[in-house]
*Asks:* 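The structure under discussion is supplied below as structure tokens; questions concerning it will follow.
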Protein chains: 2
Amino acid sequence: MSSKFLSLNPEKQERILNAALKEFALKGYENASTNEIVKTAGISKGLLFHYFNNKKELYQFLYNHFADVMVEEFFNELDLSERDIFERMKTLMILKNKLMARHPEVFDFMVAASMETAEEVKEILNNTNTELIQASYSRLFENIDITRFRDEVDIQRAINIIMWTLQGFSNQELEKAKKLNKAHHDFDEAFKEVEVYIEMMKKAFYKNV
Amino acid sequence: MSSKFLSLNPEKQERILNAALKEFALKGYENASTNEIVKTAGISKGLLFHYFNNKKELYQFLYNHFADVMVEEFFNELDLSERDIFERMKTLMILKNKLMARHPEVFDFMVAASMETAEEVKEILNNTNTELIQASYSRLFENIDITRFRDEVDIQRAINIIMWTLQGFSNQELEKAKKLNKAHHDFDEAFKEVEVYIEMMKKAFYKNV
DNA sequence: ATGTAATTGACCGATGTGGTCAATGATAAT
DNA sequence: ATTATCATTGACCACATCGGTCAATTACAT
């Protein structure tokens, strides 16, 4: 019963959610220990199971909660006035990296969730994700100026190439950051490469300049 | 003692190694179960610990063995006569994907190993990797024609951009393959995008055409 | 028939699991 | 001061699994 949980002291709510987030991200659903969660949350075992009937219910609440939070934060800060698709994707990536630096534990949890094999978890993800992601995807390309492209094929190809390229960049930077200081990372220098790259793309896909 | 193990019937050797590979890849070092390994290998618990004194020794042997095997196979098939750096990187990626399709379990294991947190494992990886990777890296760029570049900076930048781009592509294709048929994947269509991309890069980095 | 090596699986103590529940503490109403 | 209500505790449960051992059995060569 999450109603009981929601009417709880917010500071304690957060402590419990963060403890669970960390544990699930680190160990995965099945190996995550409720004992460990209550220990780091500083509450008793009984209390956790007073708020959530069982492990699965806790996980479900957790996933929905943080998915909502991150999506909201993402679109609050995404600049939708940028009409150039390449520049839009660049800001999108920058924002993604910002959010990853700001909430690394949440991203760890989400990544771990997407790799889960437990049937109970897959079920939860399907329910939550389909609506959430589909709604988000169209908003990502809202208001884009497509008149500069040679034709429709180019648009789709540009999107594809942008997506996998920036993803590769993002992963590499993330890895580098983890190896260097294990905390947040300054992307400024790395983005100089991205600038070069973006100009390259424009030349390749746009009718003129 | 691996000498005992090595003088064992090769078919049984393989059964044991594959079972262990699978289990470690799936669960990670600490959560991997030796009980599960012997069950899928079809041998008794005692026999496993007759060949390897303990869990760590088994893991160590496993890692060294498959690292050797994959590196050897990789360089056996890599075309080092291609002197254009962009084309070389393309064939390199194609080869990597081929090997991933051919030995997905080995790659799963390697990825899992690189994410291990157990101190015992990190120690093993350090010992094995440093020599192995450093030796490989120089071979990757052996015999490359650098006369077409404008200057040294361009070469380094090209390598960086190639690396993270192809990595992003590779990951995306891998994910797609997993979602579609969960087995091997036909990269032919996807590589059309890569062709476009490679031409783009050449234009951007080479002195002429 | 004998010696040697391969192989078994019951067994060990230790640790940890998700979940329960009787008991206690705190708070507010009477 | 008494009572009723709710939050909170942590010892406890039965069970599962862990890495590792070892006396006993089987297979095989001499």
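Proteins come first, then strands; the chains are lettered A, B, ... in the order of their sequence lines, and each starts at number 1. Atoms considered below: every heavy atom in the structure, side chains included; atoms not considered: hydrogens, waters and symmetry mates.
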*Asks:* What's the CD-P distance between B:E30 and C:dT15, to the nearest Å?
*Replies:* 15 Å
*Asks:* Classify the side chain of B:K45 and the base of D:dG20 as holding, or not holding, a donor-acceptor pair under 3.5 Å.
*Replies:* yes
*Asks:* Crowded around B:E30 CD? As in, over 12 foreign heavy atoms under 6.0 Å?
*Replies:* no
*Asks:* Mind calculating the distance between NZ (A:K27) and C1' (C:dT17) to the nearest angstrom?
*Replies:* 12 Å
*Asks:* Find the distance A:K56:NZ to C:dT17:C1' and express it as a whole number of Å.
*Replies:* 19 Å
*Asks:* Could you state the CD1-C1' distance from B:I43 to C:dG9, rounded to the nearest angstrom?
*Replies:*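 The distance from CD1 of B:I43 to C1' of C:dG9 comes to 13 Å, rounded to the nearest Å.
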*Asks:* Within the 4.0 Å heavy-atom criterion, would you say B:K39 contacts the bases, only the backbone, or no part of the nucleic acid?
*Replies:*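 No contact.
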*Asks:* Are more than 12 heavy atoms, taken from residues, nucleotides or ligands other than B:I146, located less than 6.0 Å from that residue's CD1 atom?
*Replies:*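 Not more than 12 within 6.0 Å, no.
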*Asks:* Looking only at side-chain N and O atoms, does B:S33 come under 4.0 Å of OP1 or OP2 in D:dT17?
*Replies:*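 So the side-chain polar atoms of B:S33 never come under 4.0 Å of the phosphate oxygens OP1 or OP2 of D:dT17.
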*Asks:* Expressed as a whole number of angstroms, how long is the span from B:N54:CG to D:dG20:P?
*Replies:*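 That distance rounds to 5 Å.
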*Asks:* Whole Å only: how far is the CG atom of A:L8 from the P atom of D:dA7?
*Replies:* 9 Å
*Asks:* Of the options C:dG18, C:dT7, D:dT9, whose atoms approach the side-chain atoms of A:S44 most closely?
*Replies:* D:dT9
*Asks:* Quick check with a 6.0 Å cut-off and a 45 degree axis cone: is B:K96 positioned over the face of B:F74's six-membered ring?
*Replies:* no
*Asks:* Provide, to the nearest angstrom, the distance between the CZ atom belonging to A:F49 and the P atom belonging to D:dC12.
*Replies:*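 Rounding to the nearest Å, CZ of A:F49 and P of D:dC12 are 19 Å apart.
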*Asks:* Just to confirm, is there a sub-4.0 Å distance from OP1 or OP2 of C:dT7 to any side-chain nitrogen or oxygen of B:Y51?
*Replies:* yes
*Asks:* Compare side-chain N and O positions of B:T34 against OP1 and OP2 of D:dG19 and report whether any pair is under 4.0 Å apart.
*Replies:* yes
*Asks:* Just the rounded figure in Å: distance from P of D:dC6 to CG of A:N9.
*Replies:* 19 Å
*Asks:* Are A:L99 and A:L95 close enough that some pair of their side-chain heavy atoms sits under 4.5 Å apart?
*Replies:*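 Yes; the side chains approach each other to less than 4.5 Å.
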*Asks:* Is the phosphate of D:dA7 approached by A:H50 (side-chain N or O, under 4.0 Å from OP1 or OP2)?
*Replies:*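 For D:dA7, OP1 or OP2 has a side-chain N or O of A:H50 closer than 4.0 Å.
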*Asks:* Taking all non-hydrogen atoms of both residues into account, name the closest pair between A:N54 and A:F49 and its distance.
*Replies:* CA-CE2, 3.9 Å
